[in-house]
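Below you'll find the structure, written out as structure tokens, and then a few comments.
Keep in mind that this is a model prediction, so the values were computed, not measured. Numbering of residues begins at 1 and proceeds along the displayed sequence.
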Amino acid sequence: MKQFFLLFFLGLITRSFQIEDNKIPGLCSGQPGIPGTPGLHGGQGLPGRDGRDGRDGATGMPGEKGEMGPPGVPGPRGEVGSPGVDGLHGEKGAQGECAVAPRSAFSAKRSESRSPPLADQPILFDVVLINEQGHYDPATGKFTCEVPGLYYFAVHATVYRTSLQFDIMKNGHSIASFFQYYGNWPKPTSLSGGTLVRLEPEDEVWVQVGVGDYIGFYASVKTDSTFTGFLVMRGSSSNAELCREPEFITSPCCPGKRDPLKSKATEVMKYPRNPVL
């Protein structure tokens, strides 16, 4: 009995396998089954590979100008360049003024005259011995200053027949007076005098005798009476103006002035024409 039931169960099992495999000959296939329930979401997969670079985008608008940065460190000094080509010669300039220092000097004498000069009037020394600058006028007997500075004037007079007193005048004022007594000697005597005076342009200097009997000014072929003057040191009476003039001599008011022979003058002095007593 046991063997019978065992064979029966084996037959059922074999038959069921044939039904599942649709291998039963002569039978039709069944209808599709009902769709199953969706499964659960799976886990996150591995990252994919990088894609290819995209195309360049369009150029954007320029941004605002930034603030200026601090100056950089100076770079090393460059090499000296080669000399440039010589330029064209310029036009010839105008002729400059002479750099010779101003001068002023004269000397004149009276022509032969046995009559005394008029009182309180310039004595005419009408025979010019030297007057290169033309600052002395023999027609008036007056010297007119053109170059400001210190001048020395000297008068040599022959005295005869009467005593003599004469004055060296500046702009109508006596700056030096000299006297010689004459004692009825058989021969003439002489009287000489000189003085140093500061002059400004247009100042005038002359010689005259005073009112009275002291007019024994005499001149003949053998003896002369002369009037001489010359510039000793140029310069204005103002210390400030002295300092502005070209170098000439050493002066306490103008330290550093040098001798004119050691300096190079570049222009001629210009003098204001304002007469000062």
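Within the model, atoms CG of Leu191 and NE2 of His156 stand 9.0 Å from one another, a figure rounded to the nearest 0.5 Å. To the nearest 0.5 Å, the span separating CG on Leu231 from NE2 on His135 amounts to 9.5 Å. To the nearest 0.5 angstrom, Glu146 atom CD is 7.5 Å from Glu202 atom CD. Here the straight-line distance linking atom NZ of Lys170 with atom OH of Tyr151 works out to 11.5 Å at 0.5 Å rounding.
Under the 4.5 Å side-chain contact rule for hydrophobic residues, Ile130 and Tyr136 do not share a cluster. If you chain together hydrophobic residues whose side chains sit under 4.5 Å apart, Ile123 and Phe178 fall into the same group. Residue Leu118 is not grouped with residue Val159 when hydrophobic side chains (ILVMFWY) are merged at heavy-atom distances under 4.5 angstrom, including chains of intermediate members. Under a hydrophobic-cluster definition in which Ile, Leu, Val, Met, Phe, Trp and Tyr are linked whenever side-chain heavy atoms come within less than 4.5 Å, directly or via other members, Val209 and Leu124 are assigned to different clusters.
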message = For a side-chain contact (heavy atoms from CB on, under 4.5 Å) check, start with the C-alpha distance between Phe217 and Leu164, then their side-chain angles and the critical distance, and finish with the verdict.
response = CA-CA 7 Å; Phe217 229 110; Leu164 173 63; 3.8 Å; yes
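A donor-acceptor pair under 3.5 Å is absent between the side-chain atoms of Thr226 and the main chain of Ser107, judged by distance alone. No side-chain donor-acceptor contact under 3.5 Å links Gln121 to the backbone of Gln208. Side-chain atoms of Asp167 do not come within 3.5 Å of backbone N or O of Met169 as any donor-acceptor pair. Side-chain atoms of Asp203 do not come within 3.5 Å of backbone N or O of Cys145 as any donor-acceptor pair.
The number of heavy atoms from other shown groups lying within 6.0 Å of OH (Tyr214) does not exceed 12. Environment of CG in Asp213: sparse, with no more than 12 heavy atoms of neighbouring residues, nucleotides or ligands closer than 6.0 Å.
Aromatic ring centres of Phe143 and Phe227 lie farther apart than the 6.0 Å criterion allows.
Scanning all heavy atoms of the two residues, the minimum distance from Phe179 to Tyr181 falls at CE2-N, 3.7 Å. Smallest separation of non-hydrogen atoms from Ala119 and Gly210: CB-O, 3.5 Å. A pairwise comparison of heavy atoms in Glu200 and Pro148 identifies OE1-CB, 3.7 Å as the closest pair. Scanning both residues, Gln165 and Ser177, for their nearest heavy atoms gives NE2-OG, 2.7 Å. The two residues Ser111 and Ala219 have their closest heavy-atom pair at O-CB, 3.7 Å. The two residues Gly194 and Tyr152 come nearest to each other via the heavy atoms CA-OH, 3.5 Å.
Put simply, the side chain of Asp137 does not reach to within 4.5 Å of the side chain of Thr144, judged on heavy atoms.
Side-chain contact check for Trp206 and Glu204: no donor-acceptor pair (N or O, by modelled atom type) lies under 3.5 Å.
Partner of Phe106 under the side-chain contact (heavy atoms from CB on, under 4.5 Å) criterion, out of Phe230, Phe153, Phe125: Phe153 alone.
Ring orientation note: the planes of Tyr160 and Tyr182 are nearly perpendicular, at an angle over 60° on the 30°/60° scale.
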